[in-house]
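A, B, ... follow the sequence lines: proteins, then strands. Residue 1 opens every chain.
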Protein chains: 2
Amino acid sequence: MQLRMTSQRELILRELKKSKKHLTADELYERVKKLMPRISLATVYRNLELLSDVELIRKLEVSGRQKRFDSELEDHDHIYCVQCHCIENLNIGNNTVSLAAGHMKGYTITGRRLEVTGICPRCQRKQIKKDGKHSKGGGTVGCAKKGVLSDEQKEVLVAMKNCDEPCASKDIAAATGLETKQVSCRITALKKKGYVESPVRCKYAITNDGITALNA
Amino acid sequence: MQLRMTSQRELILRELKKSKKHLTADELYERVKKLMPRISLATVYRNLELLSDVELIRKLEVSGRQKRFDSELEDHDHIYCVQCHCIENLNIGNNTVSLAAGHMKGYTITGRRLEVTGICPRCQRKQIKKDGKHSKGGGTVGCAKKGVLSDEQKEVLVAMKNCDEPCASKDIAAATGLETKQVSCRITALKKKGYVESPVRCKYAITNDGITALNA
DNA sequence: TACTAGATGATAACCATTCGCAAGTCAAGC
DNA sequence: GCTTGACTTGCGAATGGTTATCATCTAGTA
């Protein structure tokens, strides 16, 4: 099997090299599409795979769900920001440690990957600015994108908005005609999204985020 | 938010601890299901996530598409076999190197992950035994499970089986009544799966694997 | 120049994971 | 003891990244 240097392939390679970052397949797809609108996402995936097979580029299997690709071929490690999910290069010598240890188990070593995780300076600054929110790390892991409101949830949220002060789920049930069980379940979901808070035990109120989300 | 130790949760934790390996969510699900048949896969996922939030277990985001979970909490690294995809623990001290380098970039370090890749002793032995097959590493990445045969591919494969000696795609086309273009395309796919080989350029024959696959 | 390996675009399939919902269970307060 | 609401569960549908399939195109090679 032998590779042809097609125009698509060339473009993909060039764009990856041009961007010094570690792009995901579809970030690269977005860029390439601007220059070659009819290119298919499948072609991008295929070529990234192929190009890394022949070692013209390097596939990084790092944290997160998406693979990333790198045009830099020399061995280097990565540092990964757990908040913004950006990845930077890191240069550390001292590779011999791991190789020796590996050999002790009878393995033939083919490579090694060091990934340091942390919070990048940018995110640290952001954190200091608005440090009211207690982000437990858990909860919405990974992309902390706010879920969309379902109609059922909206119903509860609207009722809650109409209350002047924190109300019990029982009150919401009365207002909406729903069963309290359903209400309580939906409140839980809304709380997780940050649209509802509980200032007093068993009393709930809509948050500012919740109001924004309703209007959106 | 406070966790209850439900029977499901307990079982999941116990089974993970029992197996010394690094299980994926659904490997664990298979085990747990034997003891609690009505448990849901979602429950397993949920609990693994929750348990790792409270640090009763540890989530490993290692190579491959699936996450793995580990009941061992101390810091340790991993060695990963690129052929059988098994993972073993590895103990290397010397963590300070990476941390220092990370700090230089202004990061607040939260963790680090070293993954050595290689071929495990078991796979090395296997390799020596039957070393006729050139497995380029590429091709079917990850799970190297053979694709299922489509009806179209079967058609071509059957025709090929009926030939005593390697035949050209033209011959297959004649035998099946298909266009040679289609045939050639399917042959390519079959070759990639290892069901067809090309002993001579432009001549194809069904492989033993191919025959097995047909009968299956 | 004919033939075919290799590439492409479109789209369907895949697979691990997550979400939404309704129903269940447990602990605390009345 | 009964009620209430927080926390769980099972089910099933949705999501999202990635891969496979197929027909068609294109470019090397005999």
Check each of A:V44, A:I39, A:V32, A:L13 against A:Q8 using the side-chain contact (heavy atoms from CB on, under 4.5 Å) test, and report the only one that passes.
-> A:I39
Tell me what B:K67 touches on the nucleic acid: a base, only sugar-phosphate, or nothing, going by heavy atoms under 4.0 Å.
-> sugar-phosphate
Out of D:dC11, D:dC22, C:dG9, which has the shortest distance to the side chain of B:S40?
-> D:dC11
Check: D:dG10 base within 3.5 Å donor-acceptor of B:R46 side chain | yes
Does B:I187 or B:A25 map to a spot on DNA chain C nearer the 5' end, using the closest nucleotide for each?
-> B:I187
Side-chain N,O (A:T43) to OP1/OP2 (C:dT8) below 4.0 Å = no
Closest nucleotide of DNA chain D for B:R186 versus for B:R4: which of these residues is on the 5' side?
-> B:R4
Residue mapping more 5' on DNA chain C - nearest nucleotide basis, B:D26 or A:L41 | A:L41
Base, sugar-phosphate alone, or nothing: which one does A:I39 contact when heavy atoms must sit under 4.0 Å apart?
-> sugar-phosphate
Electrostatic pair A:E27:A:R68 at N-O distance under 4.0 angstrom | yes
Residues from residues 6-17 of chain B lying under 4.0 Å of DNA chain D - heavy atoms = B:T6, B:Q8, B:R9
Nearest heavy atoms of B:L16 and B:L28, plus distance in Å = N-CD1, 3.9 Å
Regarding the side chain of A:A42, the nearest nucleotide among D:dG5, D:dA20, D:dT21 is D:dA20
Taking for each residue the nucleotide of DNA chain D with the nearest heavy atom, is it B:P37 or B:A189 whose nucleotide lies nearer the 5' end?
-> B:P37
Counting only side-chain N and O atoms of B:Y45, is one of them less than 4.0 Å from OP1 or OP2 of C:dT17?
-> yes
salt_bridge(A:K59, A:E49) N-O dist < 4.0 Å | yes
